[in-house]
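Worksheet: one structure, shown below.
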Number of protein chains: 2
Amino acid sequence: MKKAIRYLVNDKNLIWFGENAFSHLKTFIAKGDYSSIFFVVDENTHDLCLPYLLQSLGDLPRCEVLEVEAGEDTKSPEVLVQLWMVMSELQADRHSLVINLGGGVITDLGGFLAGTYMRGLPFVNIPTSLLAMVDASNGGKNGINLAHYKNRIGLFQNPEAVCVIPDFLETLPEEEVRSGFAEMLKHGLIADAEYWKELIEFDIAEEVPTEEMIRKSIAIKQEVIDKDFREAGPRKVLNFGHTIGHAIESLSLETDSPLLHGEAIALGMITETHLSQKYAALSDPEAEEIRSVFEEIYQDVSFLAKAEDLMEVIQGDKKNRGDELRFTLITQIGNGVVDVPVSKEDIIEALKLTKILA
Amino acid sequence: MKKAIRYLVNDKNLIWFGENAFSHLKTFIAKGDYSSIFFVVDENTHDLCLPYLLQSLGDLPRCEVLEVEAGEDTKSPEVLVQLWMVMSELQADRHSLVINLGGGVITDLGGFLAGTYMRGLPFVNIPTSLLAMVDASNGGKNGINLAHYKNRIGLFQNPEAVCVIPDFLETLPEEEVRSGFAEMLKHGLIADAEYWKELIEFDIAEEVPTEEMIRKSIAIKQEVIDKDFREAGPRKVLNFGHTIGHAIESLSLETDSPLLHGEAIALGMITETHLSQKYAALSDPEAEEIRSVFEEIYQDVSFLAKAEDLMEVIQGDKKNRGDELRFTLITQIGNGVVDVPVSKEDIIEALKLTKILA
């Protein structure tokens, strides 16, 4: 818990947990003297979470609710431009506050919306999915997709505050919880072997993660980001599993049964564990352990694609430099390394071993 | 000259002037080890300035040229999204450099493009209009228009460097030079009575401003911005003439004979000089002096609009807070004040005095 406690006093980010989060937020709003509040929600959080939030916050300045469709397709330039127009028509001004209430799609889109409207409005994230709690809502990355490139357009821009309400997890379908859990496992793999051990003993099929576990994941992520907010180097360690995972996710979004982000990242981590053996001296027993954990939790998750389609997306990945393909890998459980150049042949070989190639 | 010299050693912005600018830029590019360079140009700068630039820079990494139509209509979400797509198709990566070569439209649009692609690529501005040299290209504001709201969407994001090449002014039509001169006059009015005197003795109809004058304007702007990059307060002083001026410009863009930015701002400054007499104790003789200067230089510039149309745009201005209308005014030549609440009736009265109301 030390890390989490250290993290909570970090003055660069205000993260409020659990029961008291909304009373902190209420005070924050009162102090900010905002002219209006714009809530960004999807149809699910509109129905399941917004009433509870509004009730908890009590008296507020003028409120407007911007509802978008749930789902990754919403992170598009078209929706972004529509939201810009609506904000403008509803006369959002420089003293407006944006509150993003939803999963990663909402916090990514809403953060970029706020960050670019009138050159930047303040915004607060209230993540409602496990994935958004442990990953998307904090760390300052936001953005939209461009065709099949994930997060191609976006900003590094911190929210004013994040409210993490583990109770919201009770409203989530089981596979959504399992999807978020993949990012938590990643935090263990790249930074904390003890946390990894704790996580793999947890039965994610039966329970939702505790507040303490969520705090630990956020703490690990925050410790990385404190060193390198704009991802010049060390922050790339958070990308383990994501070069392959994003490519899988992108292609799967074009099919009738798209994978959830964490499901795709789980397949990405299995594949990049193969690469870690070859390129980062990850030991065979640890590699076996990692793969067996993912294969058990995500046993019903599968995806098939052509090598050339996957390679095309992988080659367009943001982490590359020119033609060279660079990966974040792990040297052992609890330690990631960044910017490892990997050959195309070995990527294809690893994809084969993960049984992804059609 | 003191201010300009102080400014040039400011390490937050690299601004290179005149003959040596391109050799500085050449060194900068070599040091940066970029994977590719994306030039943003319009048809004019493509033909008139790009060949000279490319010749001066010599050997470069892979170069791509993104050409957009000249004119304010280009600062739109549609063009922005197209450029995002083209950058992506041409595989711009995180190690690419964007070079904006053009007037304010190009530096505003290109800066926002670079600032949002892959969460921010480095960019260099090479302003080719007087307006862009003394205003748009430096100070870190960029963005696009949304319907008739100027710069509604954008960022505060500094370029890596700015190259100011006064020789480019020789390629400009006379009215473009005169348009940029309005911002220089504004710099005198808000911050430096001596500089104002120097400017009004200069015959802008016959000559283009000297490098020394351009340096002085940039220095004044930079001194303001150093105090308040994100326009929380003091930076708003640069908005003198712009609340009315932007409204006039926006409406004129919908007509067959749109005004240039500086022409609209000149009318804005005349109108806001009336308001400064009423709300900021500007003396009658100074107000007369200011108006006679603008009326002489911009004697052929006129615009007519309905009060309600102008008021609608003014009320949507970024500088307002809720329903209250706030202006930057001047208390005397050389001193601006910000956030002065002004009544609608007095705005309409001032517009009448400037003979803008249809």
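A, B, ... follow the sequence lines: proteins, then strands. Residue 1 opens every chain. Side chains included, hydrogens not; waters and symmetry mates left out as well; all remaining heavy atoms used.
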- Note on the structure: Ranking B:M118, B:E78, B:M85, B:M87 by heavy-atom pairs under 4.5 Å to chain A gives rank one to B:M118
- Part of A:L113 within contact of chain B (heavy atom distance under 4.5 Å): neither
- Which one, A:L80, A:V81, A:T116, leads in non-hydrogen pairs under 4.5 Å with chain B? A:T116
- Side chain, backbone, both or neither: which part of B:L121 has an atom under 4.5 Å from a heavy atom of chain A? neither
- Task: Return yes when atom CD of A:E308 has more than 12 non-hydrogen atoms of other residues, nucleotides or ligands closer than 6.0 Å, and no otherwise.
- Result: yes
- Check A:V313 against A:Y149 and note the closest heavy-atom contact, atom names and distance. O-CE2, 4.0 Å
- side-chain contact (heavy atoms from CB on, under 4.5 Å) between B:L325 and B:M311: does it pass, once the steps are laid out? CA-CA 10 Å; B:L325 301 173; B:M311 287 309 297; 3.9 Å; yes
- Query: A:S35, A:P77, A:S88: which one forms the most heavy-atom pairs within less than 4.5 Å of chain B?
  - Reply: A:S88
- From CA spacing to verdict: side-chain contact (heavy atoms from CB on, under 4.5 Å), B:N142, B:T107: CA-CA 7 Å; B:N142 61 47; B:T107 59; over 6 Å; no
- Message: Does any backbone or side-chain atom of B:Y117 lie under 4.5 Å from a heavy atom of chain A? Answer side chain, backbone, both or neither.
- Response: both
- B:R94/A:E231 salt bridge by N-O under 4.0 Å criterion: yes
- Task: Can you see which heavy atom on B:I29 is nearest to which on B:P61, and at what distance?
- Result: CG2-CD, 4.3 Å
- Query: Relative to chain B, which of A:N151, A:D93, A:L155 shows the most heavy atom pairs under 4.5 Å?
  - Reply: A:L155
